[in-house]
Amino acid sequence: MVILIPAYEPDRHLPALIRSIRAAEPWTAVVVVDDGSGPAYRHVFDDVRALGCHVIGYSRNRGKGFALKAGFGFIADTLPGQDVVCADSDGQHTVTDILRVAAAVQATCREPRGSATMVLGSRRFTGDVPARSRLGNTATRWLFTLATGERIPDTQTGLRGYPAAMLPWLRSVRGDRYEYELNVLLEAKNAGCTIRPLDIATVYLDHNSGSHFRPLADSARIYAPLLTFLASSFAAFLVDTFVFLLLTILVDSLLLAVLGARAVSAAVNFLVNRHVVFRHGRDRPARAAGARYAGLAAVLLAANFCLLLALEAAGVQALPAKILAELALLAISFAVQHRWLFARKPGPAGGAADSADTAGKPSARAHISSWVPSQHPHSNARQRSNQPTDKPSGEPHEPSFHRR
């Protein structure tokens, strides 16, 4: 088992966490990734190195997702076959919970398909929880349920356990900053992964003042799938309105104007969603995806009509009924397109569930190779036998990890 801790401008909580881990599990390997913190924080990383940690890093800040993937690459290369528990550097995960997640990962690996099961340390959000943390988790939990149909109590937790066989897949998931962890969950089902929550304590130190989360920029990254879908739908609405107005001038038929405008706007919406909104939109042939989309559009049109009739029968005025119907069907449309229409096309060896045979052999795109790890003291003979060398893998990849 390896504990992986990404750190950007860490404070005193990081060395305190390492000392607590060492007190509880002296021989557990710990990898700390310096996410471009700069010279002002060198003393903190010197302290954790002195406590026996592997410390790797690079010169400029690249984001939490990049740091995690860098750590996965380091572990796969130098400590192959080890399961990984990721924890935050700000002390908000207790050592007890870290070790409980580690034990849960090791237990699941003995189960059928356990090599494709991740364990999430899920907070209960009781007590004094900062408002932005409570609201942020509620919003991402709703987005995750909408996109996947699964309910996860804590989608933003940084305490996660992964079997060794999942590392190649984890290194291929898109995203370099806070959106990476949500992307892992969003892509897990299509990759053949199982998500297993485990209750942990809810700890916020100093009202989460140590967090580097940027509310606007990072929220935009996290909610990008839904935001781009909404933008695509709004663009289709504008196209529909413009074409409708144009056709009312050119043809003397309201029905033709409505149908023509809807056909043009649907084509625009399909192309934008297939090429821009959904990552795997082009995995299926255009003709097959188009036929599915046409079927979905027909069903939504009929549902819209029936819903409007029901709302008006219940006494709702026409405009509020139209708005309520469109909002309800917008959510359904997003869920269906994400899970079915533009979902990743399953292949014979395309997901994390098939990674056991390829552990340690990730694609070149996901491989971060030209690291130079720090040297560190450690008294355990087994750990010394796994000490990394300074030999690069031969394929240049920016940025280089450097000696601390």
Side-chain angles (χ1 to χ4, degrees), residues 139-140 142-149 174-175 179 182-183 186-187 189-190 219-251 253-311 318-346:
T140 52
W142 174 81
L143 169 61
F144 182 79
T145 302
L146 178 65
T148 67
R174 73 192 189 283
E179 78 278 10
L182 181 60
N183 290 342
L186 288 171
E187 297 194 18
K189 185 174 182 179
N190 285 335
S219 293
R221 288 176 178 271
I222 289 173
Y223 304 131
L226 183 58
L227 292 175
T228 52
F229 178 79
L230 293 174
S232 171
S233 299
F234 183 67
F237 165 76
L238 293 179
V239 170
D240 186 273
T241 303
F242 174 78
V243 175
F244 172 76
L245 293 175
L246 180 63
L247 289 178
T248 56
I249 298 174
L250 298 178
V251 299
S253 171
L254 180 62
L255 178 61
L256 288 178
V258 171
L259 293 178
R262 183 56 57 94
V264 174
S265 64
V268 171
N269 186 249
F270 169 74
L271 291 173
V272 172
N273 287 354
R274 184 169 186 261
H275 290 273
V276 178
V277 177
F278 297 102
R279 183 188 182 197
H280 301 291
R282 286 176 286 180
D283 284 3
R284 299 180 184 276
R287 181 176 298 179
R292 288 185 173 202
Y293 183 87
L296 173 64
V299 170
L300 290 176
L301 185 61
N304 187 293
F305 179 74
C306 294
L307 191 54
L308 282 174
L309 288 180
L311 289 172
L319 181 59
K322 176 66 173 174
I323 293 174
L324 290 173
E326 292 294 342
L327 289 176
L329 294 177
L330 185 68
I332 293 173
S333 178
F334 174 80
V336 172
Q337 290 187 56
H338 185 277
R339 297 184 215 170
W340 177 66
L341 183 59
F342 297 118
R344 167 183 280 176
K345 186 177 181 179

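The structure presented is a predicted model; accordingly, all values stated were derived computationally and were not measured. These values consider heavy atoms only, across backbone and side chains, with no hydrogens, waters or symmetry-generated copies.
- Remark: Leu250 CG to Leu245 CG distance equals 11.0 Å, nearest 0.5 Å.
- For the atom pair CZ (Phe244) and CG (Leu256), the distance works out to 11.5 Å, reported to the nearest 0.5 Å.
- Closest approach of Arg274 to Ala289, counting heavy atoms only: NE-CB, 4.3 Å.
- To the nearest 0.5 Å, atoms CZ (Phe234) and CG (Asn269) are separated by 13.5 Å.
- Looking at every heavy atom in both residues, Ser333 comes nearest to Leu296 through OG-CD2, 4.4 Å.
- Atoms CG and OH, from Leu300 and Tyr293 in turn, are 8.5 Å apart once rounded to the nearest 0.5 Å.
- The heavy-atom pair separating Ser232 from Val272 by the smallest distance is OG-CG1, 3.6 Å.
- The shortest heavy-atom contact between Ala261 and Val243 is CA-CG1, 3.6 Å.
- For Ser265 against Ala236, the heavy-atom pair with the smallest separation is CB-O, 3.3 Å.
- Residues Asn183 and Gly175 share a closest heavy-atom pair of ND2-CA, 4.2 Å.
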